[in-house]
Amino acid sequence: MIELKDVSVEYSTGVTALKNVNVKIDPGEFAFIVGMTGSGKSTLLRLLYRDMLPTSGTVIVDGTDVTALKPRKVAGFRRRLGIIFQDFKLLPQKNVWENIAFALRVLGLPPKEIREKTETVLNQVGLAHCCDAFPSQISGGEQQIAAIARALANKPNVLIADEPTGNLDPDTSLEIMRILEEANKDGTTVVVATHDRIMVDRMKKRVIQIDNGEIVRDETEGTYRSDFQEA
Ligand code: ADP
Ligand code: MG
């Protein structure tokens with residue numbers, strides 16, 4: 001499970017990015033984090049993958065108190081997560097297959113398992129035909145799908161995505177959401193920060209809205225905007 005208890009984040013610049021946030025996400029849930037630019041979405045996600053620590057409060061992810069995690073345990077903890085960013089972060093000198101296989105090698109998997117998992121995940125996301133292509137040779141959408149394949153290859157317990165459809169066309173965005181939904185059906189807990197309104201409205205998942213560092217709405221089958229705000 002994921003739990004934030006009385007979490008506040010103040011950056012060294014004096015900006016308070018999160019204020020007393022309390023939220024729980026159960027194993028197997030699919031949750032969107034929505035809110036305007038600067039509302040604190042990325043900060044919340046960074047806490048989840050232990051990219052930073054809160055100024056105060058406790059963050060629990062997949063049963064681990066990340067705020068108490070010893071630095072030498074951080075890499076091991078991140079192995080249980082899949083992380084996706086808006087800008088893909090694929091390695092430009094490696095083809096699609098190698099990008100995924102390399103990530104699994106870093107995790108210490110044996111060669112046979114790396115081959116099997118790379119093949120399985122590329123088929124799962126429908127990108128087997130691109131395995132020899134370098135990132136610069138495929139579309140932005142295909143690059144993001146390759147990045148998602150890399151994040152899913154080792155079957156993470158938790159998938160964290162920060163604006164995964166940010167720069168992509170609606171069809172590709174839908175395809176990406178379908179892949180995330182499949183992973184969720186397979187048991188992965190999925191947390192997606194987004195301001196992609198169409199996506200959120202179509203998916204009918206839990207919607208947690210942040211405004212100015214505070215949770216202002218939490219709905220089980222929510223839409224991007226509550227009726228209240230539209231009125
Ligand atoms: P969002 O992802 O919703 O756009 P962020 O979490 O990136 O929001 O930012 C929340 C607030 O914290 C904003 O005011 C932003 O300018 C500030 N902020 C984000 N990252 C940093 C940082 N590394 N240093 C200082 N301030 C930051
Ligand atoms: Mg952000």
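The chain is numbered in sequence order, starting from 1. We count ligands from 1, going down the list as the structure has it; atoms in each ligand are counted the same way.
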Taking only residues two or more places apart in sequence, or in another chain, which ones meet R50 in a side chain to side chain donor-acceptor pair (under 3.5 Å)? none

Ligand 1: protein residues within heavy-atom distance under 4.0 Å: Y11, T13, V15, A17, M36, T37, G38, S39, G40, K41, S42, T43

Rounding to 0.5 Å, atoms CD1 (I198) and CE (M177) come to a distance of 11.5 Å

For [X] and [Y], does a side-chain donor sit closer than 3.5 Å to a side-chain acceptor?
{"X": "D186", "Y": "T188", "result": "no"}
{"X": "K5", "Y": "N22", "result": "no"}
{"X": "Y11", "Y": "T43", "result": "yes"}

Do [X] and [Y] come within less than 4.5 Å of each other through their side chains, counting heavy atoms only?
{"X": "L81", "Y": "L159", "value": "no"}
{"X": "M36", "Y": "Q209", "value": "no"}
{"X": "L45", "Y": "V191", "value": "yes"}

I'd like a table of donor-acceptor pairs (distance under 3.5 Å, sequence neighbours excluded) in which one partner is a side-chain atom from residues 23-30, with atom names and distances.
from: E29; atom 1: OE1; to: D26; atom 2: N; distance (Å): 2.7
from: E29; atom 1: OE1; to: R206; atom 2: NH1; distance (Å): 2.9
from: E29; atom 1: OE2; to: R206; atom 2: NH1; distance (Å): 3.2

Which protein N, O or S atoms sit under 2.8 Å from the Mg ion (ligand 2)? S42 OG

